Amino acid sequence: MKPHVVAYTDGACKGNPGPGGWGVLLVSNQQQRELCGGAANTTNNRMELSAVIEALRALKRPCRLEVWLDSEYVRKGITEWLVGWRAKGWRTAAGKPVKNVDLWQVLDDLVHQQGHEITWHWVKGHAGHPGNERADALANQGVPR
């Protein structure tokens, strides 16, 4: 049976664009692992995507994975829009290039090549959810000074 892992992910940006950070809290069997990083000139959406990518990169074997995030952009992108973007050559329904296509392609590959069983959950940000609050703090910690 695949191990169960819960990932709380978040991104932060000081200005949009501006310096930004991503944060991840991984929880499995009462063990926790925290990750964070950032970029000097980025956007909030890029940091939200980066958080999920880094959570998946940190997993070394297939898992039953719950991803909790406060980004509707990432949740809807991965669960609703991505299939159409891929089918249209990474173009939107309006025929425009998909924004952040480089990160969407990495995320698409990680989701489909690692063998995880992923459940995506949206949580309202800054509403007191402990996992999301910790991911937010880690994202802010990752912002370059």
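Keep in mind that what you see is a predicted model, and the values were worked out from it rather than measured. Note: hydrogens, waters and symmetry copies are ignored here, and every other heavy atom, side chains too, is used.
For Arg33, the CZ atom counts as loosely surrounded, since its 6.0 Å shell holds 12 or fewer non-hydrogen atoms of other residues, nucleotides or ligands. By the 6.0 Å contact criterion, CD on Glu80 is enclosed, its count of non-hydrogen atoms from other residues, nucleotides or ligands being greater than 12.
Hydrophobic clustering, with ILVMFWY side chains joined whenever heavy atoms are under 4.5 angstrom apart, keeps Trp120 apart from Leu25. Both Leu56 and Met47 belong to a single network of hydrophobic side chains, linked directly or stepwise wherever heavy atoms of I, L, V, M, F, W or Y lie under 4.5 Å apart. Hydrophobic clustering, with ILVMFWY side chains joined whenever heavy atoms are under 4.5 angstrom apart, groups Trp81 together with Val111. In this structure, Leu49 is a member of the same hydrophobic cluster as Val24, with clusters built from ILVMFWY side-chain heavy atoms closer than 4.5 Å. Note on Leu35 and Val27: separate hydrophobic clusters, where clusters join Ile, Leu, Val, Met, Phe, Trp and Tyr whose side-chain heavy atoms are under 4.5 Å apart, directly or indirectly.
Considering all non-hydrogen atoms of both residues, Leu26 and Ala58 come closest at CD1-CB, 3.8 Å. Minimum interatomic distance between Ile53 and Leu107 (heavy atoms only, all atoms of both residues): CG1-CB, 4.0 Å. Shortest non-hydrogen contact noted between Gly115 and Pro62 is O-CB, 3.4 Å. Minimum heavy-atom separation, Gly21 to Val143: N-CG2, 3.4 Å. Listed here is the closest heavy atom pair of Gly23 and Ala51: O-CB, 3.7 Å. Summarising the geometry of Gly20 relative to Pro144, their closest heavy-atom pair is O-CD, 3.3 Å, with the distance given to 0.1 Å.
Under a 3.5 Å cut-off, the side chain of Glu133 and the backbone N or O of Gly128 do form a donor-acceptor pair. Not one N or O on the side chain of Trp22 forms a donor-acceptor pair closer than 3.5 Å with the backbone of Glu48. Of the possible donor and acceptor atoms, none in the side chain of Asp10 sits under 3.5 Å from a partner among the backbone N and O of Ala139.
Applying the side-chain hydrogen bond (donor to acceptor under 3.5 Å, both in side chains) test between His116 and each of Gln114, Gln113, His112 identifies Gln114 as the sole match. His4 pairs in a side-chain hydrogen bond (donor to acceptor under 3.5 Å, both in side chains) with only one of the listed residues (Glu66, Glu117, Arg64), which is Glu66.
Under the 30°/60° scheme for interplanar angles, the aromatic rings of Trp90 and Trp85 are found to be tilted.
Atom CG in Leu65 sits 6.0 Å away from atom CG in Leu59 (nearest 0.5 Å). Here the straight-line distance linking atom CG of Leu103 with atom OG1 of Thr42 works out to 8.0 Å at 0.5 Å rounding. Separation of atoms CD (Gln32) and CZ (Arg134) is listed at 9.0 Å; rounding is to 0.5 Å. Taken from OG1 in Thr9 to CD in Glu54, the straight-line distance is 11.5 Å, to the nearest 0.5 Å.
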Walk me through whether Trp68 and Asn132 qualify under side chain to side chain contact (heavy atoms under 4.5 Å, CB included).
CA-CA 7 Å; Trp68 290 82; Asn132 179 256; over 6 Å; no
Take Arg61 and Lys2 through the side chain to side chain contact (heavy atoms under 4.5 Å, CB included) test and state the conclusion after the steps.
CA-CA 8 Å; Arg61 61 180 182 223; Lys2 294 178 182 176; over 6 Å; no
Which pairs of donor and acceptor atoms, one on a side chain in residues 92-101, lie under 3.5 Å apart (sequence neighbours left out)?
| unit_1 | atom_1 | unit_2 | atom_2 | d |
| --- | --- | --- | --- | --- |
| Thr92 | OG1 | Ala94 | N | 3.2 |
| Thr92 | OG1 | Gly95 | N | 3.4 |
| Thr92 | OG1 | Lys96 | N | 3.2 |
| Thr92 | OG1 | Lys96 | O | 3.4 |
| Asn100 | OD1 | Arg46 | NH1 | 3.2 |
| Asn100 | ND2 | Tyr73 | OH | 2.9 |

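For Lys14 and Asn140, the side-chain atoms include at least one donor-acceptor pair closer than 3.5 Å.
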